[in-house]
Amino acid sequence: MIKISPSVLASDFSRLGEEAIKAEKGGADMLHLDVMDGHFVPNISFGAPVISSVRDKTSLFFDVHLMISDPLRYAQDFAKAGADMITFHYESDSDVRETLSAIHSLGCKAGIAVKPATPAQAVIPFISEADMILVMTVEPGFGGQSFMADMMPKVAAVRKAAEEAGKDIDIQVDGGINDKTVISAARAGANVFVAGSAVFRSPDPAAAIGALRKNAEVKPVG
Ligand code: DX5
Ligand code: ZN
């Protein structure tokens with residue numbers, strides 16, 4: 001199932017609640033919330049109190065992307081703030097299996113993200129335990145970067161491994177997704193599309209979400 005997850009990183013932080021409502025009314029399936037600690041990535045965004053402040057403004061599914069060094073330590077804070085899914089990085093300092101199980105025991109879905117330099121083989125062993133694999137299509141840390149088309153074989157490898165394991169897992173792509181790049185990501189096997197600039201910097205976010213969804217519905221090649 002195709003899901004569009006607008007990233008609030010590109011939104012107007014002074015009006016975060018209204019921006020979330022805009023995404024919801026525009027037909028988004030999830031709201032992507034990028035948490036950066038200035039240590040795992042060279043940038044600082046926002047933390048659990050900010051997520052908590054928008055929780056009652058929308059009923060959208062909260063897709064929280066933790067770009068932080070110690071996700072295991074903070075998972076509970078994000079669950080309490082209203083996260084529905086917590087995605088953490090394979091490259092973080094926390095143990096992957098322990099973090100997946102901590103997130104699940106907090107009642108949230110759990111995703112594992114991989115940076116561009118990390119191969120598909122790193123996350124394939126966790127496919128049966130994770131709800132989602134996030135294949136980064138830019139270096140994490142900043143919005144507005146260009147899509148890395150060379151990540152598509154990684155998406156395809158994760159999809160193939162999931163099919164072989166009989167698991168209909170969500171595969172998310174994040175970074176540089178627009179109405180053109182979404183097509184190659186969908187063809188490679190991704191079904192959850194994060195888009196910051198393409199949605200919130202558009203004069204018509206609802207139309208932008210609609211175009212992403214329509215273009216993601218491409219038939220796979222072959
Ligand atoms: C980058 C973040 C992304 C970012 C995407 O580190 O994880 O979610 O908001 O922004 P765009 O869609 O503008 O590339
Ligand atoms: Zn993100």
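Order of appearance sets the numbers: ligands from 1, and atoms from 1 within every ligand.
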Counting only heavy atoms not in Phe200, do more than 12 sit closer than 6.0 Å to its CZ atom? yes

Is the charged tip of Lys180 near the ring of Phe147: under 6.0 Å from the six-membered ring centre and within 45° of its axis? no

Distance-only, no hydrogens or angles: does the Gln145 side chain make a donor-acceptor pair with backbone N or O of Glu139 under 3.5 Å? yes

At the Zn ion (ligand 2), what is the angle formed between atom OD2 of Asp174 and atom ND1 of His65, rounded to the nearest 10°? 90°

Just jot down the ligand 1 atoms closer than 4.0 angstrom to any heavy atom of Met67, in number order. 6 (O), 7 (O)

Ligand 1 N/O within reach of Gly144 N/O, cut-off under 3.5 Å: yes

In this structure, atom 5 (C) of ligand 1 is nearest to the protein heavy atom Asp174 OD1, 3.5 Å

Should we say atom OH of Tyr90 is surrounded by more than 12 heavy atoms from elsewhere, each under 6.0 Å from it? no

Do any nitrogen or oxygen atoms of Ser7 come within less than 3.5 Å of a nitrogen or oxygen of ligand 1? yes

Using a strict 4.0 Å cut-off to heavy atoms of His32, name the atoms of ligand 1 that fall inside it. 8 (O)

Suppose we measure from atom 1 (C) of ligand 1 to each protein heavy atom; which comes out shortest, and what is that distance? Phe142 O, 3.4 Å

Which one holds for Ala195 and ligand 1: side chain close, backbone close, both close, or neither close, with close meaning a heavy atom under 4.0 Å? backbone

Using a strict threshold of under 4.0 Å (side-chain N to carboxylate O), is an ion pair present between Glu164 and Lys160? yes

So for atom CZ, which belongs to Arg73, do other residues, nucleotides or ligands contribute more than 12 heavy atoms lying within a distance under 6.0 Å? no

With respect to Gly196, determine whether any N or O atom, backbone or side chain, lies less than 3.5 Å from an N or O atom of ligand 1. yes

How is the N/O/S atom of Asp34 that comes nearest to the Zn ion (ligand 2) named? OD1

For ligand 1, which atoms, with element, lie under 4.0 Å from some heavy atom of Ser197? 11 (P), 12 (O), 13 (O)

Could you see if Leu100 belongs to whatever hydrophobic cluster contains Phe40? Use Ile, Leu, Val, Met, Phe, Trp, Tyr and a side-chain cutoff under 4.5 Å. yes

Protein contact to atom 6 (O) of ligand 1 [nearest heavy atom, distance to 0.1 Å]: Gly141 N, 2.7 Å

For Asp168, does the CG atom have more than 12 heavy-atom neighbours from other residues, nucleotides or ligands under 6.0 Å away? no

Gly143, Ala198, Gly176, Gly175: member with heavy atom nearest to atom 10 (O) of ligand 1: Gly143

